[in-house]
Number of protein chains: 2
Amino acid sequence: MSQRKSGHVTLLDIARASGFSVSTVSIVLSEAPLSQNVAVTTRTHIRAIAKQLGYHPDAYARSLRRRTTQTIGILAFDLSDPFCVPIMRGIQEGVHDGGYLPLLMDAQTERKLFDSYLHMILERRADGLIVIASWVFEETNLLGDIRKNNVPIVIVGRDLVDRGISSILVDNEAGGALATRHLADLGHRHIAVIRGPQEMCDSEPRWAGIRKTAAQRGIPIDERLTFTLPGIADPASGFEGGVRLAQQMLASRRPFTAVLAFDDLTALGVVRGLSDAGLRVPHDCSVMGFDDVLPAAVATPAMTTIRQPLREMGLEAAQRVLHAIRNNGKAEKPRLHQTDPELVVRQSTASPPSTAVKPGRRSRT
Amino acid sequence: MSQRKSGHVTLLDIARASGFSVSTVSIVLSEAPLSQNVAVTTRTHIRAIAKQLGYHPDAYARSLRRRTTQTIGILAFDLSDPFCVPIMRGIQEGVHDGGYLPLLMDAQTERKLFDSYLHMILERRADGLIVIASWVFEETNLLGDIRKNNVPIVIVGRDLVDRGISSILVDNEAGGALATRHLADLGHRHIAVIRGPQEMCDSEPRWAGIRKTAAQRGIPIDERLTFTLPGIADPASGFEGGVRLAQQMLASRRPFTAVLAFDDLTALGVVRGLSDAGLRVPHDCSVMGFDDVLPAAVATPAMTTIRQPLREMGLEAAQRVLHAIRNNGKAEKPRLHQTDPELVVRQSTASPPSTAVKPGRRSRT
DNA sequence: TATATTGATTCAAACGTTTGAATCGGATTG
DNA sequence: CAATCCGATTCAAACGTTTGAATCAATATA
């Protein structure tokens, strides 16, 4: 009855129903400072009617008038990547605590979608933007458009500082070193390595950390036991890659007692590959991952890995944009924030077998 | 220079820069039917300036005027549940194809956040709403408010038809039957069962499917080998529950050759629990999950499970709301849509050991 | 030449809020 | 009694769009 054509209850509806003007109703319902001057009886009356009618202020009209949306866009390149989830959680926490509304979007690894969502975020006048760049993430020139409309932006999972964008990243070199040191401490001398795809910025420094630490400890790196993942956009491909590369390792007939995989999914693939060949982890061969995502924790044997402080990274990203929003005027210079990785020892690593197992030869059946 | 105080480029800016009126600019840039009447030179001129200035129409002003937001809210109770991801993907696909923008929100298993986001969705005037109710999901009376503002709503993962809400759900009874049949076909006669928490609507019918099929096949269900997961909101708790219950199974000293777990995470927990006790899966004992989420697929041995057509369910949900939006006037009556589960045979199930292993006794070490 | 037709552009109102300024009856003060 | 102040409420303009109706010149028709 009092419903308008739009189907939504508006201030006018309440004004009519209560006998007061739209202004008064607005002042009361939005709890403006002026509402202290409004008679108490009026206030309660208006509030009662609003609740009864199921009034919810129109965010569009409100934002239009107030010229602020209190909204921060979160654009994930691939939300199905378990890697994204804790980051997203951290971001949400930070954004929410700052009184902003997170506007979550998932580009599903599709460049086209990514751009289209970037448009939407611009059109929705988000006060800030955070990009989660998991796995292989293609550049987009649209990011320039973002800055043209001076929306503060932070990216996590990729270093775009030289593009003028604040970035948050784990210290990959330290992570690679941590992993290598762990295997060295266990006594491994023959380590197979699976490097990340060349397109990913994490690959190189992680590899550097591995190489340097191996050199320090006097561990030779056999290049015939060094492999590289192909750069496919689908993160689940990491698993398949791990399976395939494990087979190649075994086929190479070079001895190794541990595998250092680029990330957890790849490591899980390696476990599968080794297991299919009759090898047991960690009894016959140790396997390490990187990231510490859910599947690694619930697999058996539980995966030893290098944890990225994903939640903290998300939180940091949120605080970074919020800060940028607050001193809106002066654009601060982009910074790179590196976070500390952490070794998580679980079940997939152990000392090398006493008698050096020669992989490629089935150990049972 | 031509930037307004808002920091965003507006139609007025372009009008001034081009020498045409706001109306003309609007007509051109929004590609209204009238734009055919606009001179070609004018069109290209205006478009050029718009691009140069980096113009993006203000979604708020536009929606306000057009009285439609072309937006569908997606409210997930817990996005970190891998169960949600394919559903969300399906929804996104359907929503996007229908020309709508998905507005994704993640309640992080918090009732308070859920309600708060529900508010936001209402305030943002979403044209429709889809709720993903993974795991234990508490009711909320706010759903009534949604209908009061006649926003079409569909829920997936929970049956709320008697509350007047269209629901999409896997056929749990069929799924339970499918799983039981698979184990029976393999020759298992002693099956331990882990039932879902009582708070979940999936638990009962799934259990019914198991019981009936077991009876059909003449397989006794030992109630001392039947367990129930506690109803905790955190889905990762399923894994812990599985570990603990596996220990209880073994401690009970009752013989069993297979475990039918409520879902994949629980099943992975069971594998861990059995493995810690020295039992091998599937050699000593088979384990089955339910849902078919990512961690089940990448574990070793790969988990045999019952797949829910999650993506299809999401798609269906999207189409259901879109349909409801289209014939807005007449509210159609809520329907329950049950989807067909599918058996996915992997590595975690096999025939029972020839010599009936008595669990509770370590088979090695 | 006057009138109708067309093509190109603009006017102006509206969407639902918010908010500085204005109103207005009544009470207080000089 | 006039002037002032105060508390309670309302006016009216603005936010950036869209769009039916209006304008207006130039061309085609009678």
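The figures that follow rest on heavy atoms only: side chains count, while hydrogens, waters and symmetry mates do not. Chain letters run A, B, ... following the sequence lines, proteins first and then strands; every chain starts at 1.
Ranking D:dT19, D:dC11, D:dA14 by closeness to the A:R65 side chain, first place goes to D:dA14. Taking the side chain of B:A61 as heavy atoms from C-beta on, and the options C:dT17, D:dG16, D:dT19, the nearest nucleotide is D:dG16. Ranking D:dT19, C:dT17, C:dT18 by closeness to the A:R66 side chain, first place goes to C:dT18.
With DNA chain D read from its 5' end, the first of the two nearest nucleotides for B:S23 and B:D58 is the one closest to B:D58.
From A:L160, atom CG reaches atom CD1 of A:I155 across 5.0 Å, with rounding to the nearest 0.5 Å.
The existence of a salt bridge linking B:E123 and A:R62 is excluded, since no basic side-chain nitrogen approaches an acidic carboxylate oxygen closer than 4.0 Å. Salt bridge annotation for A:R89-B:D106: present, with a cationic side-chain nitrogen under 4.0 angstrom from a carboxylate oxygen. Ion pair A:D115/A:R111 flagged as a salt bridge, since at least one NZ, NE, NH1 or NH2 atom sits closer than 4.0 Å to an Asp/Glu carboxylate oxygen.
If you measure from atom CG of B:L34 to atom P of C:dG7, you get 13 Å, rounded to the nearest angstrom. Taking atom CZ of A:R67 as the reference point, atom P of C:dG20 lies 12 Å away to the nearest angstrom. D:dT18 atom C1' lies 15 Å from atom CD of B:Q70, rounded to whole Å. Rounded to a whole Å, the CD1 atom of A:I27 is 15 Å from the C1' atom of C:dG16. A straight line from CG of A:L12 to P of C:dA14 spans 13 Å, rounded to a whole angstrom. Between B:H8 atom NE2 and D:dG16 atom P the separation is 10 Å, expressed in whole Å. Rounded to whole angstrom, the span from the CG atom of B:L64 across to the C1' atom of D:dT17 amounts to 8 Å. If you take CZ of B:R125 and P of C:dG16, they are 9 Å apart, rounded to a whole angstrom.
Of the side-chain N and O atoms in B:S63, none sit less than 4.0 angstrom from OP1 or OP2 of C:dC15. An OP1 or OP2 oxygen of D:dT17 is reached within less than 4.0 angstrom by a side-chain nitrogen or oxygen of B:Y55. Listed pair B:R62 / D:dG16 fails the phosphate criterion, with no side-chain N or O lying under 4.0 Å from OP1 or OP2. Under 4.0 angstrom from either OP1 or OP2 of D:dT10 there lies at least one side-chain N or O belonging to A:S21.
Between B:H56 and B:H8, the ring center distance fails the sub-6.0 Å criterion.
Residues A:L129 and A:L118 are in side-chain contact: their nearest non-hydrogen atoms beyond the backbone lie under 4.5 Å apart. Between A:I14 and A:L29 there is a side-chain heavy-atom pair separated by less than 4.5 Å. Between A:L79 and B:M88 there is a side-chain heavy-atom pair separated by less than 4.5 Å.
A heavy atom lying under 4.0 Å from DNA chain D marks the following residues of residues 36-52 of chain A, by number: A:N37, A:V38, A:A39, A:T42.
Taking only distance into account, the side chain of A:T24 never meets the base of D:dA8 through a donor-acceptor pair shorter than 3.5 Å.
Counting any heavy atom pair closer than 4.0 Å across all strands shown, B:Y60 reaches no nucleic acid atom.
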